[in-house]
Amino acid sequence: MTYQPLLISFDEAAILREDLGKDTLMGKALARDIKLLEAYMATGIEVPGHGEGGGYEHNRHKQNYIHMDIAGRLYLITENQAYRDYIRNMLVAYAEVYPKLELNVSRDSNPPGRLFHQTLNENMWMLYASCAYSCVHHTLSVDERSLIENDLFKIMVEMFVDTYAHDFDIIHNHGLWAVAGVGICGYAIQCQETVDKAMYGLKGDSVSGGFLAQLSQLFSPDGYYMEGPYYHRFSLRPIHLFAEAIERRQPEIGIFKHKDGVIQTTTYAVMSTAFPDGTLPALNDSSKTININDEGVLIGTSVCFERYDEDANLLSMADHQQDVWVHISGKKLSDAVAKTSEIPAFNWGSRFVTDGPEGEKGGLTILRHRDVKQSDTMALLWFGQHGSDHQYHSALDHGHYDGLHLSVFNQGQEVMHDYGFGRWVNIEPKFGGRYIPENKSYCKQTIAHNTVVVDRKTQNDFNTATAESRFGELHFFNADNTEFQGMSGIVREYYQGVDMQRSVLVANVDGIENPLVIDLYRLITEDEHEYDFPVHHNGQIIRTGFDYDYNTSLKAMGPDNGYQHLWQVAQGNVESGSLVSWLHGHSYYSMVSSATNGGEVIFARTGANDPDFNLRSEPAFILRQKGKSHLFANVLETHGYFNESIEASVDARGKVARVEVVGMDEVASVVRLHFVEGQALTFAVSNQTGGKQHEAHSVTFEGETFSWVGPYAKL
């Protein structure tokens, strides 16, 4: 038999069959899929008409392709004829109605398909249905193949490459799904001409479009995708599924070696941004719940283990996921996990990941520290390009406008967090499951992030063209000493006449159980401004180091730029410093901050001017200062333990008493941490650029001279 299924050969199916009933990751995956498929098959064959995004019809079409794909692989593995019949009957049912269907109604920038409100979903349907078709192709009659191919798949292909030709070659995650869907369908129906359009683009040049162009142009040299981890992980599915099909049908292309193994590089880029609990950080429009159990990351974990090196972190990823892809690569990974007696939690280490096609548009830095108790602390600083680019596609509009925002994770939870996107995915009553209006009016605004707002305005004037023309730069990154790591980024003119530099140190300090996160945010300007430094957190306020007034009636913090969505709950004046402490989970957190006379701390909560209750109600506090050039010096301390069930509370007060700004100029910033027991530690960070930040420094503040070599130091 010359025809082989696209992603799993008959011989491989026999190997996977050995895991049926076993207590391995593969065995569990097979048992789960069998259970899911049997339950769904019991609902019968249904091809619904048009519906709204996220509505019944949408979800039924989606579940149909998901379960056809599962059924295809399970038919080959289990040889259960019912699974084959299910696919055959479903595809025939679609083929009988598809030519007669009018286009759906689109309420999105993406044009509609015949089944879904946007072609993106139709691309996904065709990709998975084609994989399922390839699994039963050899069992179908000539007439059945003709019906399915001519009245379903070929009409779909024509719509994507002809009707919507202007969208087919876009370099974008939607474009990836388009070329992968068409290419896999071409292989399934044995039409090389269709495959070539998907592989090389409609012009056949591998530059203006096609899968090879996507792989070559979409990612930075470090594999980062401009829209951020949420959309990046979504791109992994079409990449790996199409690449696997290419490797099996056209191995001479060497797809897994293309552009120095970009498929591995970009897959690892997503994985390496994950927080220790597996969730992905919210950069640009992002879900707060997407994690490494996502199907794209799951497939990538298995494929990379087979196609590239057997990285120990992939074993750790699989152990965390407790799952593998039902595929021969997943079988290899499952077997490796079963043979390994002790697998530590994944740790991709501290790293700098570049952004931009040539790595020239800033990026993100990550510092990770694992202590002797195997507890992880992670700090992520973002200063890359705007996550949208209007030259590609109007749908590529997921970028946020600011830089230098910081996320911190430790004790198993995100401590300083980003809101993410404003969207109720597939919940039709909530604005059709699309991005809600508050996504623009709040979630994309600078005040919604952990970075500085100048004069209560959003960075880059909330203007896409302006934001696209700017990006940050790496100031320094050093993770050589795991006990004292540092990272720093600079953005210029995100506000007219204001440059900003943020330096973050993760430092182990004797006598303090968890690493301190020392955050120095410097604003450089010759003009007077008002600066707001928001800290978004979860949990309950425990204490403050200043008096405040609680408001008995609420009002919004301002009329626009996201402030209109923040209730001003309380406020207090601070003169020489501030302390805000809160409880989240089992841990206490204290933010100890410097301040000058006239400083203010404002407690806020999302939900103002939100009549449809679209926003989550979340707390924040805002450090407000006025002046010209200014340094926000903050220390985040994690301390103590709380367990309500056993009524235990230990070390509810932290050990950092106050933060003093010793001095700040164009050469360096020097701060001193004072502890409750009387001792003090001094830290210095270089403010010089052009390579001078790595050289020797000497500054004098208030008659005291400080000297060191390198971008930062503990003095």
Side-chain angles (χ1 to χ4, degrees), residues 282 400-407 416-422 436-463 494-495 498 500 519 521 523 528-541 544-575 578-582 591 593 595-627 630 632 634:
H400 290 190
Y401 296 82
D402 42 67
L404 297 185
H405 49 276
L406 176 69
S407 294
M416 291 176 60
H417 66 86
D418 190 289
Y419 188 95
F421 62 35
I436 57 177
E438 291 79 8
N439 192 58
K440 289 186 177 179
S441 60
Y442 179 70
C443 305
K444 289 191 174 192
Q445 304 288 338
T446 301
I447 192 62
H449 305 132
N450 300 312
T451 187
V452 169
V453 184
V454 177
D455 298 328
R456 307 190 200 186
K457 302 294 184 182
T458 290
Q459 293 179 20
N460 287 308
D461 295 322
F462 200 75
N463 182 281
Y494 279 34
Y495 292 105
V498 181
M500 301 188 287
D519 179 15
Y521 201 123
L523 297 118
E528 289 276 344
H529 293 283
E530 179 185 80
Y531 305 118
D532 280 354
F533 186 116
V535 177
H536 297 271
H537 65 95
N538 284 316
Q540 196 75 25
I541 296 293
T544 66
F546 55 90
D547 295 328
Y548 59 85
D549 296 317
Y550 183 82
N551 299 323
T552 56
S553 61
L554 298 180
K555 63 179 181 179
M557 285 190 65
D560 51 23
N561 292 290
Y563 284 82
Q564 74 273 27
H565 292 301
L566 287 170
W567 293 118
Q568 185 162 331
V569 179
Q571 57 282 320
N573 295 323
V574 292
E575 295 182 357
S578 69
L579 178 149
V580 179
S581 185
W582 66 96
M591 178 74 78
S593 307
T596 58
N597 289 337
E600 189 178 8
V601 177
I602 301 166
F603 293 95
R605 182 172 286 274
T606 50
N609 293 300
D610 182 22
D612 296 320
F613 303 101
N614 281 338
L615 292 171
R616 302 189 302 267
S617 179
E618 294 183 348
F621 60 89
I622 295 147
L623 311 176
R624 177 169 289 173
Q625 294 280 173
K626 295 180 180 179
H630 179 73
F632 283 99
N634 303 312

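Note that the numbering runs from 1 along the sequence shown for the chain.
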Side chains of Q564 and S441, donor plus acceptor under 3.5 Å: no
Is a donor on one side and an acceptor on the other found under 3.5 Å between the side chain of Q625 and the backbone of T596? yes
Is there a donor-acceptor contact under 3.5 Å from the side chain of D418 to the main chain of S407? no
Please evaluate residues T606 and Y442 with respect to the criterion side-chain contact (heavy atoms from CB on, under 4.5 Å), reporting the C-alpha separation (whole Å), side-chain torsions for both, the decisive distance (0.1 Å), and the verdict. CA-CA 9 Å; T606 50; Y442 179 70; 3.3 Å; yes
Short side-chain donor-acceptor distance under 3.5 Å, N609 and H565: no
Within this structure, what is the CE-OG distance for the pair M591 and S581, rounded to the nearest 0.5 Å? 11.0 Å
How many angstroms lie between atom CD1 of I447 and atom CD of Q459, to the nearest 0.5 angstrom? 10.5 Å
Who pairs with F632 by ring-ring contact (aromatic ring centres under 6.0 Å, His included), at least two apart in sequence or on another chain? F533, H630
Side chain N439, main chain G422, donor-acceptor under 3.5 Å: yes
Value for OG (S593) from OH (Y521), rounded to nearest 0.5 Å, stands at 14.5 Å
Can you see whether Y531 has R624 sitting over its ring - NZ or CZ less than 6.0 Å from the centre and within 45° of the normal? no
N551 and Q571: side chain donor to acceptor below 3.5 Å: yes
Looking only at heavy atoms, what is the nearest atom pair of A556 and Y563, with distance? CB-O, 4.0 Å
Looking at every non-hydrogen atom in both residues, tell me the closest pair between Y494 and G403 and how far apart they are. CE2-N, 3.7 Å
Given 3.5 Å as the limit, does a donor-acceptor pair link the side chain of Y495 with the main chain of D461, or not? no
Contact summary for P619 and G539, nearest pair of heavy atoms: CG-O, 4.3 Å
Check the side chains of T458 and Q445 for a donor-acceptor pair under 3.5 angstrom, ignoring hydrogens and angles. yes
Does the pair R605 and E618 meet the rule for a salt bridge (charged side-chain N to carboxylate O under 4.0 Å, His left out), with working shown? CA-CA 5 Å; R605 182 172 286 274; E618 294 183 348; over 6 Å; no
The reported gap from CD1 in I436 to CG in L615 (rounded to nearest 0.5 angstrom) is 5.5 Å
For Y401, does its backbone N or O pair with a side-chain atom of N460 as donor and acceptor, under 3.5 Å? yes
Between D455 (side chain only) and H529 (backbone N and O only), is there a donor and an acceptor less than 3.5 Å apart? no
Taking NZ, NE, NH1 and NH2 as the nitrogens, is one of them in E528 or K626 under 4.0 Å from a carboxylate oxygen of the other? no
Looking at T446 and V453, would you say the former's side chain and the latter's main chain have a donor-acceptor pair under 3.5 Å? no
Partners meeting ring-ring contact (aromatic ring centres under 6.0 Å, His included) with H537 (sequence neighbours left out): W582, F621
Taking every heavy atom of F546 against every heavy atom of N573, the minimum-distance pair comes out as CB-O, 4.1 Å
About how many Å separate CG of D532 and CE of M557, when rounded to the nearest 0.5 Å? 5.5 Å
Partner set under ring-ring contact (aromatic ring centres under 6.0 Å, His included) for F603, not counting sequence neighbours: Y548
Between T544 and S578, is a side-chain contact (heavy atoms from CB on, under 4.5 Å) present by the stated rule, with each step listed? CA-CA 7 Å; T544 66; S578 69; over 6 Å; no
What do the steps show when you test C443 against F421 for side-chain contact (heavy atoms from CB on, under 4.5 Å), and what is the final call? CA-CA 6 Å; C443 305; F421 62 35; 5.7 Å; no
Heavy-atom side-chain contact between L406 and M416 under 4.5 Å: yes
Looking only at atom types and distance, does a side-chain atom of R616 sit under 3.5 Å from a main-chain N or O of Y419, one as donor and one as acceptor? yes
Residues D610 and E438: closest non-hydrogen pair is OD1-OE2, 3.6 Å
Using only atom types and a distance under 3.5 Å, with no angle test, would you say the side chain of H405 pairs donor to acceptor with the backbone of V452? no
Under a 3.5 Å threshold, yes or no: a donor from one side chain and an acceptor from the other, between D402 and T451? no
At what distance, to the nearest 0.5 angstrom, does CG of L566 lie from CD1 of I622? 5.5 Å
